[in-house]
Number of protein chains: 2
Amino acid sequence: MVTTSSESQLPSSPYRADCPTRRILDRIGDRWTVLIVGALWDGSARFSELRRRIEGVSQKMLTQTLRALERDGLVQRTVYPEVPVRVEYTLTEAGRTLREPLRALEEWSITHLSDVSASQKAYDRAAS
Amino acid sequence: MVTTSSESQLPSSPYRADCPTRRILDRIGDRWTVLIVGALWDGSARFSELRRRIEGVSQKMLTQTLRALERDGLVQRTVYPEVPVRVEYTLTEAGRTLREPLRALEEWSITHLSDVSASQKAYDRAAS
DNA sequence: CGGTATCCTGACTGATACTG
DNA sequence: CAGTATCAGTCAGGATACCG
């Protein structure tokens, strides 16, 4: 699972922040990425459409997150120079491969989140 | 497709921040959680041992993250009232179930991160 | 329509000092 | 050893205004 990268370190090489799992979490662990990927899953969408679909996202964060996804090659941005301009966002092939790990997370969440909630309540009760 | 009258607002907001995937990312998407889980994977460890194993973690963040994991029921904390005191941290059953989703992420990372890096470089080159 | 640019606030994080 | 407490810096992210 969590391993260090293949730098030829000493055998005592600890758990470094550049392990693969942490690096991908840096990419998708932010507030909006997985919601955008989810919103694009069924096909392309325009900027305004995405903004409407994703509850609470600001224009700035939507732009910023889409740009990051485009830079990573996970989302393709296509500009149609009509008047007014139309911009479509689509998941790339690579972007679609994110589905599996995301679904694994979702499954864990669905099966364990109620236990986690219960544990939190018990912990908080004991603390008081 | 979800269509609703203007009176019903329940089905009209598809991608909410409280979706299961986002909620679990809120828990494990931070800087240290997955590294701690990884460091505990092979068995229990004491506080100092963890601190030595996880590169760059501060005392404060290690404590804070371990407390959160304990509160969530993913890590068990056991105090042995010796002198000096000894404290052992162990993954719970629930904590161990995190392995599957984390491994899915790791696998994605390993197979796609070089493509992502290449895409970033191309993107940045085009931007200049 | 689909953005940029700018300012600002609160959360996350680290450094440091102290303690049972 | 295994923390707690306090302070300070960084930065993600929101609000707002403007633009091609």
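Atom set for the values below is all heavy atoms of this structure, side chains included, hydrogens, waters and symmetry mates excluded. Below, chain A is the first sequence line, B the second, and so on; all start at residue 1. Keep in mind the model is a prediction, meaning the values are calculated, not measured.
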Could you check whether [X] gets within reach of a base, just the sugar-phosphate, or nothing at all, counting any heavy atom under 4.0 Å?
X	value
Tyr80(A)	nothing
Arg51(B)	nothing
Gln59(B)	base

For [Y], is there any backbone N or O sitting under 3.5 Å from a side-chain donor or acceptor partner on [X]?
X	Y	answer
Asp72(B)	Leu74(B)	no
Thr33(A)	Asp30(A)	no
Arg67(A)	Leu62(A)	no

Ignoring backbone atoms, test whether [X] places a side-chain nitrogen or oxygen under 4.0 Å from the OP1 or OP2 oxygen of [N].
X	N	answer
Arg31(B)	dG14(C)	yes
Arg52(A)	dG2(C)	no
Tyr89(B)	dC1(D)	no
Arg46(B)	dA2(D)	yes
Arg67(A)	dG3(C)	yes
Thr63(B)	dG3(D)	no

Write down the distance between [atom1] ([X]) and [atom2] ([N]), rounded to a whole number of angstrom.
X	N	atom1	atom2	result
Trp32(A)	dG14(D)	CH2	C1'	10 Å
Arg86(B)	dG3(D)	CZ	C1'	17 Å
Leu50(B)	dC1(D)	CG	C1'	13 Å
Leu66(B)	dT4(D)	CG	P	11 Å
Arg77(B)	dT4(D)	CZ	C1'	12 Å
Asp30(A)	dC12(C)	CG	C1'	15 Å
Leu62(B)	dA2(D)	CG	C1'	10 Å
Leu25(A)	dC12(C)	CG	C1'	16 Å

Problem - Result of checking Arg53(B), Arg51(B), Arg46(B) against Glu49(B) for side chain to side chain donor-acceptor pair (under 3.5 Å) - result: Arg53(B)

Exercise for the section: Select one nucleotide: of dG14(C), dC1(D), dG13(D), the one nearest the side-chain heavy atoms of Ser58(B). Expected result: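 Nucleotide nearest to Ser58(B)'s side chain: dG14(C).
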
Practice task
Nearest-nucleotide wise, let me know which of Met61(A) and Val85(A) is further upstream toward the 5' end of DNA chain D.
Solution key: Met61(A)

Practice task
Please test Arg103(B) against Glu100(B) for salt bridge (charged side-chain N to carboxylate O under 4.0 Å, His left out), starting from the C-alpha separation and ending with a verdict.
Solution key: CA-CA 5 Å; Arg103(B) 188 163 56 176; Glu100(B) 275 318 310; 2.8 Å; yes

Problem - Residue met sooner reading DNA chain C from 5', once Lys60(A) and Pro84(A) are mapped to nucleotides - result: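 Whichever sits nearer the 5' end wins; that is Pro84(A).
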
